[in-house]
Amino acid sequence: PDPMRILYKDYRTAIPQNFSNYESMKQDFKIEIPEYFNFAKDVLDQWTNMEKAGKRLSNPAFWWIDGNGEEVRWSFEELGSLSRKFANILTEACSLQRGDRVMVILPKIPEWWLANVACLRTETESEARRGDGLFEAQVYGRTVLIPGTTQLTSKDILYRLQSSKAKCIITDDALAPAVDTVAAKCENLHSKLIVSQHSREGWGNLKEMMKYASDCHTCVDTKHNEMMAIYFTSGTTGPPKMIGHTHSSFGLGLSVNGRFWLDLVASDVMWNTSDTGWAKSAWSSTLSQFPISVFCSAPTAYRMLVQNDLNRSYKFNSLKHCVSAGEPINPEVMEQWRKKTGLDIYEGYGQTETVLICGNFKGMRIKPGSMGKPSPAFDVKILDENGAILPPGQEGDIALQVLPDRPFGLFTHYVDNPSKTASTLRGNFYITGDRGYVDEDGYFWFVARSDDIILSSGYRIGPFEVESALIEHPSIAESAVVSSPDPIRGEVVKAFIVLNPDYKSHDQEQLKKEIQEHVKKTTAPYKYPRKVEFIEELPKTVSGKVKRNELRKKEWTTI
Ligand code: ATP
Ligand code: MG
């Protein structure tokens with residue numbers, strides 16, 4: 001009758017149930033935020049207790065497989081014990097104190113998850129005050145978790161270390177040399193931990209230290225509104241921004257994603273691929289080899305996977321629920337995925353600043369190309385430039401209501417950037433920076449990031465629609481559509497296209513014409529790309545998002 005109430009009254013032990021009715025889920029949604037909340041203590045440690053009492057299934061809390069087939073499985077008890085050891089290393093060997101920031105740049109190895117939990121146990125930070133919808137938090141230090149990827153360069157690392165003022169860095173063999181080349185320029189940095197089989201001068205060896213660390217550690221009490229973590233955005237439109245999240249905005253907020261959008265229950269095995277260094281063959285075989293039931297990935301991954309022969313070469317026997325987020329997913333890719341696996345892709349939309357904003361939820365009719373309906377955590381509206389709410393069908397700014405009550409799943413502020421923080425407020429709303437519209441049935445449709453909109457001969461064109469038309473053409477693997485200068489029309493649509501290998505040897509002029517004709521037929525003709533350029537690959541962020549602004553800048557600076 002009141003699912004969220006059950007969850008939050010009893011968030012320590014409640015076993016989630018699937019929900020299948022969007023309307024009742026949204027209506028029944030209530031949240032009681034506890035004064036103190038710490039995910040490690042109030043959730044993970046409680047599951048350990050349940051595990052000990054035989055009150056949960058025997059499947060692991062954590063299951064990790066690497067490219068060589070090496071496996072790690074931890075029960076909740078093991079996860080607890082290892083993360084307490086790690087927490088002791090942070091407080092003792094690294095002499096970190098309340099409020100100090102720890103930067104974690106690791107690939108997807110078990111230590112990355114341990115570092116997350118260890119930081120929850122040790123850290124904490126000054127209170128984030130709220131009230132007027134503005135974020136007045138005074139943030140000094142804190143644990144900064146950067147989902148690490150070996151693709152960060154020393155320049156990226158320097159930027160992150162300097163802007164976060166981190167005191168400690170944890171990384172691996174691949175990135176330690178890069179850190180060492182920039183460490184002298186980071187005055188706050190005083191301890192370095194390496195995850196490695198070897199020792200390295202000036203670095204503490206985490207694996208060695210774990211052998212001797214005590215697993216006696218008392219988890220700190222944290223108020224729900226204390227800062228929990230600072231995340232960097234993807235940097236699709238410029239240097240990544242630091243987003244401050246609290247124990248309620250992320251610690252509790254993400255449980256809304258897990259319960260409703262991912263539709264997780266205790267027996268599920270969920271695989272979240274959100275990392276880079278894609279190896280698509282390994283992906284396919286991992287999905288078919290292990291009993292993964294819930295799969296969460298980015299559109300770029302689905303686009304690659306559907307190029308495989310999924311019917312014959314790979315079978316995903318346990319898979320039952322697939323979700324995608326981070327960029328819009330093309331209806332054509334959803335269609336192919338359904339043909340090849342029998343499953344729908346449940347698209348979700350959110351930002352580093354938020355938890356899930358809109359999603360397709362189990363039991364809801366999916367309208368391909370739509371982001372679904374608002375998550376129970378937010379009131380989502382489409383606004384005009386004066387802050388008035390627009391009716392269905394009209395394109396405007398996608399916004400979240402933040403006054404009189406600030407939603408708990410929203411960040412507190414852009415760290416060290418009050419003017420950027422203030423610029424996101426319009427009346428009682430937080431402006432996401434994305435454009436879209438809502439239809440008569442309450443489904444939200446993404447049009448574009450505000451900066452990506454193309455204005456041609458008085459028409460407003462969102463690149464996603466053109467890209468979705470393009471990918472239906474058999475020659476096209478991926479594309480990015482941007483504005484390009486034109487003496488008569490001001491701007492025209494230009495498509496950067498990555499061809500499927502079979503088409504690379506075709507007559508390019510002929511192909512270009514064919515593609516243009518195809519777009520004219522599949523979408524309103526004024527949207528067809530007047531300019532087409534074939535390229536080998538698209539510029540992307542480390543998280544795999546297309547950087548249209550880079551392509552656009554080139555167009556506009558070469559004239
Ligand atoms: P930066 O803010 O640094 O330029 P970013 O906005 O890409 O980078 P993230 O917070 O990782 O950083 O991404 C959030 C953005 O991703 C959203 O604002 C939106 O533009 C886009 N996005 C996420 N999910 C979807 C989706 N399902 N459909 C369309 N766009 C999406
Ligand atoms: Mg952004």
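Note that the coordinates shown come from a computational prediction; the quantities given were computed from them, not determined experimentally. Quick note: numbers below take in every heavy atom, side chains included, and nothing from hydrogens, waters or symmetry partners. Atoms within a ligand are numbered from 1 in the order they appear, just like the ligands themselves.
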**Q** With distance as the sole criterion, is a donor-acceptor pair present between the side chains of Y349 and D434 under 3.5 Å?
**A** yes
**Q** I'd like to know if D451 and R548 make a salt bridge, using a cut-off of under 4.0 Å between side-chain N and carboxylate O.
**A**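 Judged by the 4.0 Å cut-off on N to carboxylate O distance, D451 and R548 do not form a salt bridge.
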**Q** So among V546, L551, V532, which one has a side chain to side chain contact (heavy atoms under 4.5 Å, CB included) with F496?
**A** L551
**Q** Between K554 and E533 (salt bridge meaning N to carboxylate O under 4.0 Å), is one present in this structure?
**A** no
**Q** Is any NZ, NE, NH1 or NH2 atom of the basic residue among R552 and E491 found under 4.0 Å from an Asp or Glu carboxylate oxygen of the other?
**A** no
**Q** Salt bridge between E327 and K545, side-chain N to carboxylate O under 4.0 Å?
**A**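 No, this pair does not count.
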**Q** Just to be sure I understand the cut-off, which residues have at least one non-hydrogen atom under 4.0 angstrom from an atom of ligand 1?
**A**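 The answer is T233, S234, G235, T236, T237, K241, G326, E327, P328, E347, G348, Y349, G350, Q351, T352, E353, D434, F446, R449, K545, counting any residue whose heavy atom sits under 4.0 Å from ligand 1.
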